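First listed ligand is number 1; within each ligand, the first listed atom is number 1. Excluded from the calculations below are hydrogen atoms, water molecules and symmetry mates; all remaining heavy atoms, backbone and side chain alike, are included. Just so it is clear, the model here is predicted, and its values are computed rather than measured.
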Amino acid sequence: MAARAQRVGRAALVAAVLLVLGAAPLALGQAAGAEGGAPHRRFEYKYSFKGPHLVQADGTVPFWAHTGNAIPSADQIRITTSLKSQRGSVWTKNKSVFEFWEIEVTFRVTGRGRIGADGLAIWFTEEQGLEGPVFGAADQWNGVGIFFDSFDNDGKKNNPGVILVGNNGKLLYDHQNDGSTQALASCQRDFRNKPYPVRAKITYYQKTLTVFINNGFTPDKEDYEFCAKVEDMVLPSQGYFGISAATGGLADDHDVLSFLTFQLTEPGKEVPTPDTEIPQKDKEKYQEEFEHFQQELDKKKEEFQKEHPDVQGQPADDLFETVSDRELRQIFEGQNRIHLEIKQLNRQLDMILDEQRRYVSAVTEEFTRRGAGVPDQQGQVSQQGIDQVVKTQEEVIRQVDEMRNSVSETLRLVSVAQHPGSAAGVYETTQHFNDIKEHLHVVKRDIEHLVQRNMPSNEKPKCPELPPFPSCLSTTHFFVFVAVQTVLFIGYIMYRSQQEAAAKKFF
Ligand SMILES: [Ca+2]
Ligand SMILES: [Ca+2]
């Protein structure tokens, strides 16, 4: 166990060295909206973390300090778990020494609820904000915070959202209003429960702070969308990078997979040399470690090939996935996709419900207005209202159709997952898939029913469906109706018996 821990520790060191050695080629500039050429961009390993050997044997992250409920593991740091009232943060141990920078943060915010809390914050501040009330970090910071705010405290229906709040060290964060009075810029993005990790690219270059977001809908790392920009932003010349998160009454898992920092140097200015960063002595030591590992690996490979001459020449990585492993992985991936599809369905249903609610309230409003009686403009207004209602209805039908397609796709996926290959079929999970399939059939039927119900109002747009009114058939009406029926029936019986009597007399 101790040997293993030591090995992991050494692996982390070697990984750090490899990051440094690999840093130079990364320094090819990327455009950051600069005038007069792209800045020189250099990876800064002392202000970065990333799996797969993120954590050392003693549970710490090299060059980073973590506090509160933050739990580092091999491939991510869980800043908070989805429990109530959690706070955590991770901060660089060293102050940055560069004027301009770019950070790329990859994270996931996941929770079982439709609404989560509180959110996650990325920081650049003069001091480490190790603990505090602002998304798990200290208030009255000097610098900037980029807040991924999940919970809508001010009820303006603008969360989840991203806001940038600058502070000179004196301002108290306006948590109750989601900082809306203090925001320098913001954009509305839903970053919770996404199929892929969400990525934020934050650039501070020539006094302009820019935020780009990859919403986690694609695995493409460069698929960024513009979110917000602040010009003439003055930040402390040196500061700490950090990331923090908090939960409240509602809770999400806040996981950070990587935090990569790059130093940006304006073209023409002297570019720092990587050699000054690591002392020559350390470099030699790491190089030695690395060579030692390489030798050990080669030796193990040789031993393995001696023991398994039949698999000689095969890449070692392939040997680790057996047929059943692969099938299990396929099943797992299939299930994941089903899970996502169902989640998406859920969201779409919510949207439809919202639309329907809006539509019902529009109709009710229209009727109230008609009841009040505005004789001159009534015709025009009602026509407009009805048109709007019809449009909404069409949109609803489109969405339902989309959803139905989505369900069909899910069903297809389930079928594919059920027959992943000739060797499959012996799994107990078949029953499970059948259950899912059956369940989805029910969903599909319900949705088709919903579509059918919606269709007629599309064809006859003049008669939109009305909200349910109280039944017109009162008890009195019912009894009167029954009485009339009874009288008619008795009359008929009497008439028939008279006819029969007359016939008998006749014979
Ligand atoms: Ca909030
Ligand atoms: Ca809000």
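- A salt bridge links E333 with R329: the distance from a Lys NZ or Arg NE/NH1/NH2 to an Asp or Glu carboxylate oxygen falls below 4.0 Å.
- Side-chain atoms of T203 never come within 3.5 Å of backbone atoms of Y205 as a donor-acceptor pair (strictly under, hydrogens ignored).
- Salt-bridge check for D253 with R108: failed, with every basic side-chain N at 4.0 Å or more from each acidic carboxylate O.
- Within the 3.5 Å criterion, the main-chain N or O of D354 finds no donor-acceptor partner in the side chain of Y359.
- Ordered by chain and number, D149 OD1, D149 OD2, F151 O, N153 OD1, D178 OD1 make up the set of protein N, O or S atoms under 3.0 Å of the Ca ion (ligand 1).
- Relative orientation of the W101 and F124 rings is tilted, given thresholds of 30° and 60° on the angle between their planes.
- Side chain to side chain, T80 and T247 fail the donor-acceptor criterion of an N or O pair below 3.5 Å.
- Metal site remark for the Ca ion (ligand 2): N158 contributes an N, O or S atom at a distance under 3.0 Å.
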